[in-house]
Asker: 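Take this structure first; my questions come after.
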Amino acid sequence: MTTLVHGSDTLTRDALTVLQPGFVGTTAPDWLLRRIGEGLSSVGLFGRNIVTPEQLTALTARLRAERDDVLVAIDEEGGDVTRLEVKQGSSFPGNYALGSVDDVELTRAVARELGRRLAQCGVDLNWAPSADVNSNAENPVIGVRSFGPDPDLVARHTVAYVDGLQGVGVAACTKHFPGHGDTNVDSHDALPRIDVDLATLHARELVPFRAAVAAGTKAVMSAHILLSALDPHRPATLSPQILTGLLRQELGFEGLIVTDGMEMQAVSATYGIERGSVLAIAAGADAICVGGGLCDEDTVLRLRDALVDAVRTGELPEERLADAAARVRTLAAWTQAHRARGAGSVPGAAVQEGTAPGADIGLVAARRALKVTRGEKPYTPVTGTPYVASFTPVANFAVGDETPWGIAAELERLLPGTETGSYDETSADSAPADAGERRVVAVVRDLHRHPWMIRALDALLAARPDTVVVEMGLNEAEPRGALHIATHGAARVCGRAAAEAVVGTGA
């Protein structure tokens, strides 16, 4: 048994301090406010918590009325992964689009504007950017969330993104350490494994994270992946060799280490969330992210009690828990100081395009990210009422299926009367007939990963060679169609930029 240095009240507060839970609803439930009063220092927001900028601002204000230094975190990558605009689609292109332009000042400006909007609404910790090097084009969960497959490109844009966010007082949380790019399994579903040697890891995966640490990222998020060269037994989130040995000691990171969601199957299926959380803190993590799926008071109490019990039984050193809690409080103090100085402009301002100088930077970036390839014959812009055939793969958990994507809405704005159909593997063959005599715009996402989509597009192009093809995922397949438009992401602004190219105003 370990002799406790501090009283049980201090121990319980520390256990609550290291949790970053979510909740259900657009107002703060009583149980959450009560736990904040008892020591809970962080709250995670998801799409289910956000309706309007005004509502979000009122929500964060209510949380801070209970405790002024509470950290309000969000998973707002922009691009395909948006919580701020979950029902509309993001005003900002994602990392892949920014990496394809490869203008670090543009990336910094996009991150700064995104951070400004978050800060206006009272959000001060962003679980972004993704610093994963997407070296595996078959990756089902990273893809367009990465700046690209080149480590140096990813590193310089990660640094620019961190600078942009933190310059307006929003702490960046660089993820998913030590790199989720070379995987073909989604860690929401199972445990991915990367079997490369240490030299490859240092030359590829770790390059962006070294750069982010050097640039002063306030937080780093761990990945639920097994890297056999570093730890053949435990995923990175639970590995002392990776979190303490590599990230703390070798890379010299002194900020907050946050876990990826503990309810993800890569951890929970083997260890359970309680034991997984204890092992994560013992390994060197400072904050437990939970709430994407489990988002109730019982989850918070289970994790709190598991940490307290682990200290009392000697499984978790009390000093380690106290150190983790201290790092949470240090980051909270940093964000509180920025809020006090008025970083992020006026709270409550609208979070829509055109609300401030530079607010259209997302659309500017999306237009620059387009890659337009013309077919062999001269391209005739679409001027009538086209038919948009959207070939829709199953969305991964990080992206979700709530957020609209494609170009139909934007084409409808430019060409009223535009019709659309959504197709999966079972219905894709009917697209040519459904289009009738209308000009077809085929929208695909990661075409190279879906054989059914390739077959459907081949058949459509054979029947209708004047079809325009819009790729809104990784641009790995050969360009085809009368016009091929690669948007490098499926954000709303990417759809708008593509629609402009279809009608001939942006190509």
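Keep in mind that this is a model prediction, so the values were computed, not measured.
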Asker: Kindly write out the residues that satisfy salt bridge (charged side-chain N to carboxylate O under 4.0 Å, His left out) with D466, not counting sequence neighbours, or none if the list is empty.
Answerer: R439
Asker: Got V290 and L19 here, is their nearest side-chain heavy-atom distance under 4.5 Å?
Answerer: no
Asker: Any side-chain heavy-atom pair from L45 and L59 closer than 4.5 angstrom?
Answerer: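 Answer yes - side chains close enough.
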Asker: Testing the basics here: between A442 and L460, what is the closest heavy-atom pair and its distance to 0.1 Å?
Answerer: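 Heavy-atom minimum between the residues: CB-CD2, 3.8 Å.
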Asker: Under the 3.5 angstrom rule, does the side chain of Q55 hit a backbone N or O of V51 as a donor-acceptor pair?
Answerer: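 Yes: the side chain of Q55 pairs with the backbone of V51.
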Asker: Looking only at side-chain N and O atoms, does Q166 offer a donor or acceptor that is under 3.5 Å from a partner on W334?
Answerer: no
Asker: Evaluate side-chain contact (heavy atoms from CB on, under 4.5 Å) for H202 paired with E250, printing each intermediate quantity in order.
Answerer: CA-CA 11 Å; H202 281 275; E250 185 173 341; 3.0 Å; yes
Asker: Which of these passes side chain to side chain contact (heavy atoms under 4.5 Å, CB included) with L63: V70, D68, L40?
Answerer: V70
Asker: How close do P235 and V267 get, heavy atom to heavy atom, and via which atoms?
Answerer: CG-CG2, 4.4 Å
Asker: Can you check whether V220's main-chain N or O pairs, donor with acceptor, with T174's side chain at less than 3.5 Å?
Answerer: no
Asker: With a 3.5 Å distance limit and no angle check, can you tell me whether H488 reaches the backbone of A369 through a side-chain donor-acceptor pair?
Answerer: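 Such a contact is found between H488 side chain and A369 backbone.
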Asker: State, yes or no, whether a side-chain contact exists between N95 and T158 at a heavy-atom distance under 4.5 Å.
Answerer: no
Asker: Rounded to the nearest 0.5 Å, how far does CD1 of I74 lie from CZ of R83?
Answerer: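 Result: 8.5 Å between the selected atoms.
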Asker: Measure from the side-chain N and O atoms of E138 to the backbone N and O of R449, and report whether any donor-acceptor pair falls under 3.5 Å.
Answerer: no
Asker: Below 4.5 Å, heavy atoms only, C-beta onward: do V154 and D132 meet side chain to side chain?
Answerer: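 No - every pair of side-chain heavy atoms lies 4.5 Å or more apart.
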Asker: Working note: L457 + L461, criterion side-chain contact (heavy atoms from CB on, under 4.5 Å); need CA distance, chi angles, decisive distance, verdict.
Answerer: CA-CA 6 Å; L457 183 61; L461 289 172; 3.9 Å; yes
Asker: Describe, in one word, how the ring planes of F391 and Y423 are oriented to each other, choosing from parallel (under 30°), tilted (30 to 60°) and perpendicular (over 60°).
Answerer: tilted
Asker: Who pairs with R112 by salt bridge (charged side-chain N to carboxylate O under 4.0 Å, His left out), at least two apart in sequence or on another chain?
Answerer: none
Asker: Step by step, work out the side chain to side chain donor-acceptor pair (under 3.5 Å) result for T57 and Q120.
Answerer: CA-CA 7 Å; T57 303; Q120 284 179 337; over 6 Å; no
Asker: Determine whether the side chains of R492 and T403 contain a donor N or O and an acceptor N or O closer than 3.5 Å.
Answerer: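 Per modelled atom types, R492 and T403 side chains form no pair under 3.5 Å.
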Asker: Could you note down all residue pairs passing side-chain hydrogen bond (donor to acceptor under 3.5 Å, both in side chains) where residues 470-481 supplies at least one of them, sequence neighbours left out?
Answerer: D458-R480
Asker: Which distance, rounded to the nearest 0.5 Å, do you find between the CG of L331 and the CG of D286?
Answerer: 10.0 Å
Asker: Mind checking whether C173 and L125 have side chains closer than 4.5 Å, heavy atoms only?
Answerer: yes
Asker: Parallel, tilted or perpendicular, judged at 30° and 60°: which one describes the rings of H176 and H180?
Answerer: perpendicular
Asker: Is a salt bridge present between R368 and D102, judged by a nitrogen-to-oxygen distance below 4.0 Å?
Answerer: no
Asker: Would you give the length of the straight line joining atom CZ of R117 to atom CG of L56, rounded to the nearest 0.5 angstrom?
Answerer: 13.0 Å
Asker: Do any N or O atoms from the side chain of E419 and from the backbone of P386 form a donor-acceptor pair under 3.5 angstrom?
Answerer: no
Asker: Closest heavy-atom contact between S222 and T237?
Answerer: OG-OG1, 2.7 Å
Asker: Looking only at heavy atoms, what is the nearest atom pair of W452 and A428, with distance?
Answerer: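 In terms of heavy atoms, the two residues are closest at CZ3-CB, 3.8 Å.
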Asker: Is a side-chain donor-acceptor pair under 3.5 Å present for S130 with S146?
Answerer: no
Asker: Please answer whether the main-chain N or O of H224 pairs with a side-chain N or O of D260 as donor and acceptor at a distance below 3.5 Å.
Answerer: no
Asker: What distance separates Y379 OH from R374 CZ, expressed to the nearest 0.5 Å?
Answerer: 8.0 Å
Asker: Minimum heavy-atom separation for G292 and F46, please, with both atom names.
Answerer: N-CZ, 3.5 Å
Asker: Please confirm whether the backbone N or O of A137 pairs with a side-chain atom of H448, one donor and one acceptor, at under 3.5 Å?
Answerer: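 Yes, because the side chain of H448 sits within donor-acceptor range (under 3.5 Å) of the backbone of A137.
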Asker: Side chain of D150, backbone of L153: donor and acceptor closer than 3.5 Å?
Answerer: yes
Asker: Could you go step by step and tell me if V133 and V207 meet the side-chain contact (heavy atoms from CB on, under 4.5 Å) rule?
Answerer: CA-CA 9 Å; V133 178; V207 171; over 6 Å; no
Asker: With W405, which of V443, D80, T487 fulfils side chain to side chain contact (heavy atoms under 4.5 Å, CB included)?
Answerer: V443
Asker: Evaluate the side chain to side chain donor-acceptor pair (under 3.5 Å) criterion for residues T385 and T418: first the C-alpha distance (whole Å), next the side-chain angles of each, then the deciding distance (0.1 Å), finally the verdict.
Answerer: CA-CA 5 Å; T385 54; T418 294; over 6 Å; no
Asker: So which atom in C289 and which in V258 form the shortest heavy-atom distance, rounded to 0.1 Å?
Answerer: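 Closest approach of C289 to V258, heavy atoms only: CB-CG1, 4.2 Å.
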Asker: Answer yes or no: is there an ion pair linking D152 with R204, defined by an N-O contact shorter than 4.0 Å?
Answerer: no
Asker: Walk me through whether D75 and K175 qualify under salt bridge (charged side-chain N to carboxylate O under 4.0 Å, His left out).
Answerer: CA-CA 11 Å; D75 189 11; K175 62 188 183 184; 2.9 Å; yes
Asker: Would you indicate whether the side-chain heavy atoms of R496 and L363 approach each other to under 4.5 Å?
Answerer: yes
Asker: Out of V123, V170, T82, which one pairs with E76 under the side chain to side chain contact (heavy atoms under 4.5 Å, CB included) rule?
Answerer: T82
Asker: Indicate yes or no: at least one non-hydrogen side-chain atom of C295 is less than 4.5 angstrom from one of R48.
Answerer: yes
Asker: For a 4.5 angstrom cut-off between non-hydrogen side-chain atoms, does E77 reach P129?
Answerer: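 A side-chain contact is absent here, since even the closest heavy-atom pair is not under 4.5 Å.
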Asker: So does Y161 get a backbone contact from the side chain of R108, meaning a donor-acceptor N/O pair under 3.5 Å?
Answerer: no
Asker: Roughly how far apart are F92 CZ and L98 CG, rounded to 0.5 Å?
Answerer: 10.5 Å
Asker: Test side-chain contact (heavy atoms from CB on, under 4.5 Å) on Y387 and V441 and set out the steps.
Answerer: CA-CA 6 Å; Y387 185 82; V441 179; over 6 Å; no
Asker: Just do the salt bridge (charged side-chain N to carboxylate O under 4.0 Å, His left out) check on R327 and E254 with the steps written out, would you?
Answerer: CA-CA 9 Å; R327 292 181 191 274; E254 291 297 325; 3.5 Å; yes
Asker: Indicate whether any N or O donor in one side chain lies under 3.5 Å from an N or O acceptor in the other, for T17 and R329.
Answerer: yes
Asker: Give, for atom SG of C121 and atom CD1 of I50, the distance between the pair rounded to the nearest 0.5 Å.
Answerer: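 Between C121 SG and I50 CD1, I get 8.0 Å after rounding to 0.5 Å.
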Asker: Does either side chain, that of T392 or that of S422, offer a donor lying less than 3.5 Å from an acceptor on the other one?
Answerer: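 Side-chain D/A pair, T392 to S422: present.
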Asker: Is it the case that the side chain of T420 and the backbone of V388 share a donor-acceptor pair, with hydrogens and angles ignored and the cut-off at 3.5 Å?
Answerer: yes
